Each structure stands twice: as structure tokens, then as C-alpha cells.
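Working notes for the structure below.
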Amino acid sequence: MRIDVVSIFPEYLAPLELSLIGKARQDGILDLHVHDLRSYTTDRHRTVDDTPYGGGAGMVMKPEPWSQALTAVAEARPGHGGKPVLIVPSPAGERFTQALAHELAVEEHLAFACGRYEGIDERVIEWAGDHFDVRPVSLGDYVLNGGEVAVLAMVEAVGRLLPGVVGNPESLVEESHSDGLLEYPVYTKPAVWRDREVPAILLSGNHGKIAQWRRHEQFRRTSERRPDLLEVFDAGKLPKADRLALQELGYDIVDGRPVRRQGTAEPAG
Ligand code: SAM
């Protein structure tokens with residue numbers, strides 16, 4: 001996969017040289033390029049921003065350096081046909097999720113346009129649609145100073161789904177959000193630490209029972225921490241053991257969705 005990132009702070013993306021993503025680049029799995037937006041300016045001061053039309057606080061990123069940079073990125077597209085996907089990090093975008101990470105992980109070419117200040121002149125986003133499949137994407141409902149932190153998160157989430165990046169692909173299967181639930185709690189040695197014992201079932205060697213316990217813990221944790229995920233969880237075709245686990249936690253399955261039983265205490269947390 002080729003990834004291009006355009007930013008006024010290319011150094012901000014340096015962590016993408018480390019750890020599994022850095023290794024994926026060395027191994028040729030990820031061909032990642034970071035571009036300095038200022039190198040696409042033409043004035044002496046390398047200006048990338050100007051005051052907003054209509055007044056108001058802050059500055060807006062000028063369209064021309066962006067169009068120059070993004071044209072260069074589009075022309076670098078490997079292979080033929082189709083448009084690269086251009087992710088525009090924005091608190092006003094669709095929410096970044098594990099499902100979107102999976103969707104992006106099958107693309108041949110991703111580009112990221114890191115906004116700063118009050119964001120990028122809207123006409124760039126419209127114009128870019130001629131060259132890219134444009135997707136404004138938000139990391140969450142809060143405001144960052146720039147798109148770089150969002151890009152670090154998204155590139156890591158997408159990059160680790162590429163074949164060969166994570167050593168044991170099994171570990172991707174059971175993770176939080178891979179099946180609409182949070183992951184079960186995990187433990188390592190020693191079996192007793194500061195008087196706290198690892199759940200006995202994990203030491204039993206009974207893999208069937210361990211799998212059942214882990215599944216129950218997934219439901220319990222999701223119910224406690226993210227009941228919103230359970231509300232949209234597809235429980236229509238669940239095996240009996242899973243249905244029982246949900247019932248024990250105070251849920252009935254109605255029209256294929258877990259519904260908290262009347263009079264059941266709200267989950268803590
Ligand atoms: N004025 C913009 C608004 O209210 O929608 C916020 C601009 S923010 C200070 C500057 C840049 O940070 C944005 O252009 C975007 O690239 C990035 N950014 C801020 N919050 C973000 C979020 N939640 N997700 C993704 N990118 C974000």
C-alpha cells in the first residue's frame with residue numbers, strides 16, 4: 001500500500017518510522033511518503049494561510065498550495081485506474097472506526113491532508129473530488145490542533161491490518177471492535193500478584209471453558225463500559241451460550257438486538 005501525508009509539520013509524522021509501522025516500511029509492505037505543504041508555496045514567506053472570508057477568529061489554509069501538493073500526490077498513484085482515497089482529518093467528518101480501518105486497508109493508495117488553523121479552504125475539498133475519493137474523517141468528538149495526530153492514529157490502525165505487519169494475524173481477530181464487542185481482560189505471569197489472583201479458569205487448561213469465560217467477559221465489559229455498542233450488536237444468530245451470557249447480564253434479545261430488561265440495574269462505569 002502507498003500512503004502520502006501532506007502537512008506543514010512533516011516532523012510530526014516521525015513516529016511512523018518506529019515499531020511495527022516502521023518495520024512494515026522497511027519490509028516494503030507500506031510505501032509511506034510525507035510531504036511538506038510549504039514546499040508547494042511560491043512566495044518568499046512560504047505562506048499557507050490567510051484570513052477567513054466573512055470575518056471571525058483564526059486563519060484558513062489557502063487553496064493553491066493544497067492543489068499543487070495534492071496534484072503531485074495523485075500523479076504518484078501506483079497502478080492504474082480508480083482514484084486514490086483522500087482522507088481529510090476533521091472534527092466535522094465521519095467517525096473513524098475499526099470498520100473504516102478495514103475498508104481502507106484494502107486500498108492501494110491512501111492520501112491524508114493534515115489541516116491546521118481553522119481548516120482548509122472548502123473549495124479544495126470540492127476540487128479534490130475530481131482526483132480522489134474524498135472522505136472527511138474525525139478521530140472523535142473533540143478538537144485537535146491539527147490533522148497530524150489523527151493521521152498517526154489512522155495510519156497505525158490501517159497499517160496493522162495489512163498482511164505481514166502484525167506477527168500473529170490471530171491477534172487481530174479477537175481484538176476490541178473486531179466483532180462489535182470489547183476484548184476480554186488479559187493476564188500474564190505471575191499467577192498471584194500483590195494478593196490478586198488470575199481468574200482460576202485461565203489456569204485450568206480447559207480451552208472450551210476458557211473460550212466461554214472470555215466470551216462472557218466480552219459481553220460483561222461491553223455492557224459496563226460501552227452499552228451503546230451492545231444496542232447495535234447483531235445478536236440474531238448467537239449461539240445458545242452467548243444468549244445465556246447476555247441473559248445473565250440482564251439483556252433480552254428483541255428483534256435480533258440485546259435490550260436491557262426493565263428493572264435491571266444500569267451497568268456501572
Ligand atoms: N475549525 C475546525 C472545526 O471546528 O471543525 C477545527 C479546526 S482544528 C483546530 C485544525 C485541524 O485539526 C483540522 O483541520 C483537522 O485537520 C484537525 N482536527 C481537529 N480535530 C480533529 C478530529 N477530532 N479528528 C480529526 N482531525 C481533527
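Keep in mind the model is a prediction, meaning the values are calculated, not measured. When a ligand or atom number is given, it counts from 1 through the structure's own listing order.
Residue F233 comes nearest to G180 through the heavy atom pair CD1-O, 4.1 Å, listed as atom of the first residue, atom of the second, then distance. Contact between A74 and H131 at its shortest, heavy atoms only, is CB-CB, 4.3 Å. Minimum heavy-atom separation, G115 to M61: CA-SD, 3.8 Å. Of all the heavy atoms in R116 and Y12, the pair that sits closest is NH2-CE1, 3.4 Å.
In the displayed structure, D255 atom CG is contacted under 6.0 Å by at most 12 heavy atoms of other residues, nucleotides or ligands. Within 6.0 Å of atom CD in E11, more than 12 heavy atoms from other residues, nucleotides or ligands are found, so the atom counts as buried in its surroundings.
Protein heavy atom nearest atom 23 (N) of ligand 1, with residue, atom name and distance: Y142 O, 2.8 Å. Summary of contacts: the protein heavy atom closest to atom 17 (C) of ligand 1 is G146 C, 3.3 Å. Nearest protein neighbour of atom 1 (N) of ligand 1, counting heavy atoms only, is E118 OE1, 3.0 Å. Taking atom 20 (N) of ligand 1 as the reference point, the nearest protein heavy-atom neighbour is L144 N, 2.9 Å. What sits closest to atom 5 (O) of ligand 1 on the protein, heavy atoms only, is P91 CG, 3.4 Å.
In this structure R95 satisfies the salt bridge (Lys or Arg N to Asp or Glu O under 4.0 Å) test together with D141, sequence neighbours excluded.
Ligand 1 has no atom lying under 4.0 Å from any heavy atom of V88.
Those atoms of ligand 1 with a heavy atom of G115 less than 4.0 angstrom away are 11 (C), 14 (O), 16 (O). Close approach of ligand 1 to V137 (heavy-atom distance below 4.0 Å) involves ligand atoms 25 (C). The atoms of ligand 1 that sit less than 4.0 Å from any heavy atom of A150 are 25 (C), 26 (N). Here is the list of ligand 1 atoms found below 4.0 Å of a heavy atom in G119: 14 (O). Atom numbering of ligand 1 starts at 1 in the shown order; those under 4.0 Å from a heavy atom of V143 are 8 (S), 9 (C), 20 (N). Near G147, the atoms of ligand 1 lying under 4.0 angstrom from a non-hydrogen atom of the residue are 12 (O), 16 (O), 17 (C).
Contact check on E175 versus R160 returns a salt bridge, with a Lys/Arg side-chain nitrogen under 4.0 Å from an Asp/Glu carboxylate oxygen. Look at K23 and E17 and you find no salt bridge, because none of the NZ, NE, NH1 or NH2 atoms lies under 4.0 Å from a carboxylate O. Using a 4.0 Å cut-off between charged side-chain N and carboxylate O, D179 and R215 make a salt bridge.
Between Y117 and ligand 1, no pair of N/O atoms sits closer than 3.5 Å. The shortest N/O to N/O separation between I120 and ligand 1 does not fall below 3.5 Å. Below 3.5 Å of separation, one finds an N or O of L139 facing an N or O of ligand 1. Of the polar atoms of G140, at least one N or O is found under 3.5 Å from an N or O of ligand 1, judged by distance alone. Ligand 1 has no N or O atom lying under 3.5 Å from any N or O atom of R116, backbone or side chain. For A113, no nitrogen or oxygen atom sits less than 3.5 Å from a nitrogen or oxygen atom of ligand 1, counting backbone and side chain alike.
Checked against S7 for a side-chain hydrogen bond (donor to acceptor under 3.5 Å, both in side chains), the options R38, E148, H35 give a single hit: E148.
Of the listed options S7, P89, P52, P89 places a heavy atom closest to atom 13 (C) of ligand 1.
Counting heavy atoms from C-beta outward, P89 and M154 have side chains that approach closer than 4.5 Å.
Counting heavy atoms closer than 4.0 Å to ligand 1, residue S90 contributes backbone atoms (N, CA, C, O) but none from C-beta onward.
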